[in-house]
> 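Could you have a look at this structure, given as structure tokens, before my questions?
All values derive from a computational prediction rather than experimental measurement. By convention in this document, chain letters (A, B, ...) are assigned in the order of the sequence lines, proteins followed by strands, and residues within each chain are numbered from 1.
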Protein chains: 4
Amino acid sequence: MREAAVLPVQDEEARSGGRKPGRPRSERAERAILDAALELFGESGVAGVCIEAVATRAGVGKATIYRRWPGKQDLLLDALSTLKSPLPEPHGESVRDDLLAILRVMVSDMADPVRARRFTLLLGEGEAHPLLMARYKERVVEPRRDVIRSVLRRGIASGELRRGIDVETAMLMLTGAVVACGRDIRPLPEDFAERLVDEALLGLVHRPAVR
Amino acid sequence: MREAAVLPVQDEEARSGGRKPGRPRSERAERAILDAALELFGESGVAGVCIEAVATRAGVGKATIYRRWPGKQDLLLDALSTLKSPLPEPHGESVRDDLLAILRVMVSDMADPVRARRFTLLLGEGEAHPLLMARYKERVVEPRRDVIRSVLRRGIASGELRRGIDVETAMLMLTGAVVACGRDIRPLPEDFAERLVDEALLGLVHRPAVR
Amino acid sequence: MREAAVLPVQDEEARSGGRKPGRPRSERAERAILDAALELFGESGVAGVCIEAVATRAGVGKATIYRRWPGKQDLLLDALSTLKSPLPEPHGESVRDDLLAILRVMVSDMADPVRARRFTLLLGEGEAHPLLMARYKERVVEPRRDVIRSVLRRGIASGELRRGIDVETAMLMLTGAVVACGRDIRPLPEDFAERLVDEALLGLVHRPAVR
Amino acid sequence: MREAAVLPVQDEEARSGGRKPGRPRSERAERAILDAALELFGESGVAGVCIEAVATRAGVGKATIYRRWPGKQDLLLDALSTLKSPLPEPHGESVRDDLLAILRVMVSDMADPVRARRFTLLLGEGEAHPLLMARYKERVVEPRRDVIRSVLRRGIASGELRRGIDVETAMLMLTGAVVACGRDIRPLPEDFAERLVDEALLGLVHRPAVR
DNA sequence: CAATAATCGAGACGGTACGTCGCGTCTTGGG
DNA sequence: CCCAAGACGCGACGTACCGTCTCGATTATTG
């Protein structure tokens, strides 16, 4: 993750025309580095992405990389970062549709091998770089969970869902299943979101479905 | 994976009381190596388990390690295998009880910060060490999943669970929720296994519970 | 060596009061750079004088240094040139007095620990920086030797010294002794210049002194 | 200078048959490193001797070099170390002959460019590595000075030299001249030792030579 | 007064060498 | 045949400076 990204400034340069002194960082170099990192990642996986190789292939000094990213993992994270898929706004017509919408986004994120790899990588670094992890959760994980929580709460309020639901546990079941499935089963079943939502809505016990 | 393990068993010791010539391998060394590997893994993850560090901490020569395991991953796998909690044998009295039994074991594994940390580290570094990950799944993860699968199947067969259940998806919901919870919520709620099983059994939709 | 120094003098300022257009170079910056270079040299020798460190300590951009001196050696040479004690003009009354005058200056240079350290550092690193060494000799060492040479030659011409003297060898004996003494014996004997001159004048062999 | 050389053990291995555990250091590697260093030194001087280049040319890992020498200078010192020329035993027949004998050795040491370079290098490092310098003085410099001192004292005692001689100053004149000359004048005059001794013996003042 | 032009500080650029660390292998003497 | 110790060649690590460059800002002279 770029250092600059830590600052709460959405537009780094446009603040009252001010700019940092000194020669500005080269966008060409930045693109070349990220491209080289992605190429190497595609060729030989995480292990193949060594800073020296990235620098050589990008035609860049090592310092130019370390100026931007503190280490290999952070570079990889940025390189693998395609922008997070936009969250669907729940329409509110039915709980099932709303859950499906958000879970489909999550499933398709996990289905993309690059995104999945990035996610897994991030998880692994979570222990070593708690701040990184915290930011990732705050920006990516929790917004999605919030959508699910609000859909469930709305469903309870509207009477569509039963009153006794433990919202947090239910949410963890849904998101946890996506992550667990994405980690293990390649390729992901296309209809996994549907199966998941239906299973969760119906429960396991044997009785006539009410709706 | 020990090299010896690929040889037929009788070649090792059962040759009519005969033994291989030369000095036998030291069990002390073996235990010391495994313990050192676990300690280091707990402290700094896969990356922290360098053979040199293991050898130093175990008070052992590096060759003594390589004589037994071909590489870091194989050593780690053996080391981590000693950790898995014993699986409860499902009694078969009720699906709920059987699920609770296995999920309680998993929750309590995740509740132990040391074990949880080890698990998270392993998960995260799975991408970087795919072989290690694969073997860990084969030895630790899948046996647990198999217990859940069989409980669910038995429940369907006995009529206790409804027929249409997607066993795989249901299993992923249960185990995924435990992992997701263990990763995020510290300390884990004591009754998480109960809440999870009940939520899963009942489903979310509003209708009178049948059992 | 300053670039400007290669230009004819009148091009710089004497053009009927005219000046070069643009912002003139800051004398403050120049002094700060030279001072910083000297400080760093005194602290850690030639190796310690890195342009980056000089720039930082002088509060100056690196380009401001490179605009004036083509490299480290040239900067150092200019910096060290500001240090040489002024040479005494030989009065010509007696060879002994003239030699004493110049040797006293050299001895007192070596007696000052800071100057001596600088000199020793410079000598030692001469091999690694031959250009710097050559220029230092040309600017600092040789002028002093020339004084001694001319004193000796004048002494021979006036009949004060014997005709057969090997001027070069005699000069090396005198200056070499000062350097050797300055390197080894701390603090220097106060009367070392006198002892040296007398010993050299008298020679070692046993016979009645003539003068 | 090799680390081992600091220890006061003259024979590193032969003490009571004991030997350090582990694989012994390869003499092949050591020779290859020293040869490579000398080659590079001959090709491009001190600046050309970078550890990476030495390692590559010697077909050796960098660590193998750093295991033996703490840094570039120390490696160079060892590489350039031809054994110090043996000191001539003064015959005692005449002061002039005895001085000539020892000074000729010193002059020929300085005349050899490799030895001279090594000496100059060492001097330069003296400030940075005082212990190294001290050992060098103790082992090489002082023994030579002692020879000169004793020759001078014997000359005074025998009446060959005048009584008032300042032995230390005279010694510094002789040795200092050799060093100063060796540093500046390449190639050294072949008869420099003779000229030096004669000049010192006769002195500078004009009077009939006594002997 | 405005335009021009050189210098200022700051700092990024592509490089090179540094000294360290861990890898997996090899080589000792001794149990 | 195993053990501990530790050296081996290798290669990536992250750092420090090199000498060059590119910024916006500053400061004189010139038109």
Side-chain angles (χ1 to χ4, degrees), chain A residues 17-26 28-30 32 47 49-56 58-68 70-72, chain B residues 19-26 28-29 47 49-56 58-68 70-72, chain C residues 18-26 28-29 47 49-56 58-68 70-72, chain D residues 17-26 28-30 47 49-56 58-68 70-72:
Chain A
R19 191 193 274 223
K20 286 190 300 186
R23 178 173 172 175
R25 294 189 175 167
S26 153
R28 262 188 72 268
E30 186 135 348
V49 182
C50 38
I51 299 287
E52 307 225 312
V54 173
T56 301
V60 143
K62 281 200 289 177
T64 302
I65 300 182
Y66 283 110
R67 217 172 276 126
R68 291 169 162 77
K72 186 204 295 196
Chain B
R19 286 273 187 102
K20 286 190 298 184
R23 174 173 173 178
R25 292 188 174 166
S26 151
R28 262 188 69 270
V49 183
C50 29
I51 299 289
E52 311 232 313
V54 173
T56 301
V60 141
K62 282 199 293 175
T64 304
I65 300 180
Y66 282 109
R67 210 172 285 123
R68 289 169 161 77
K72 184 204 292 197
Chain C
R19 287 266 188 104
K20 285 192 298 184
R23 176 173 174 176
R25 292 186 175 169
S26 151
R28 264 188 69 269
V49 182
C50 27
I51 299 289
E52 309 232 314
V54 173
T56 302
V60 142
K62 283 200 289 176
T64 304
I65 300 180
Y66 282 109
R67 212 172 282 123
R68 290 168 162 78
K72 184 204 290 197
Chain D
R19 191 193 273 222
K20 286 188 300 185
R23 177 173 173 176
R25 294 190 176 167
S26 154
R28 264 188 70 268
E30 185 135 347
V49 182
C50 38
I51 300 288
E52 308 226 309
V54 172
T56 300
V60 142
K62 280 200 290 177
T64 302
I65 300 181
Y66 283 109
R67 217 172 275 124
R68 290 169 163 78
K72 185 203 297 197

> Across nucleotides 7-12 of chain F, 5' to 3', mark each nucleotide with B, S or - according to how protein heavy atoms within less than 4.0 Å reach it.
BBSB-S
> Please report, rounded to the nearest Å, how far the P atom of dT16(E) is from the OH atom of Y66(A).
17 Å
> Taking all non-hydrogen atoms of both residues into account, name the closest pair between E52(A) and K62(A) and its distance.
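Heavy atoms of E52(A) and K62(A) come nearest at OE2-NZ, 2.7 Å.
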> Can you give me the closest heavy-atom contact between G61(C) and A55(C), atom names plus distance?
C-CB, 4.3 Å
> Rounded at 0.5 Å granularity, tell me how far OG1 in T56(B) sits from CD1 in I51(B).
11.0 Å
> How long is the gap from CZ on R68(D) to CD on E30(D), to the nearest 0.5 Å?
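Nearest 0.5 Å value for the CZ-CD distance: 4.5 Å.
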> Which atoms form the tightest heavy-atom contact between T64(B) and A29(B), and what is the distance?
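Smallest interatomic distance, heavy atoms only, reads CG2-CB, 4.3 Å.
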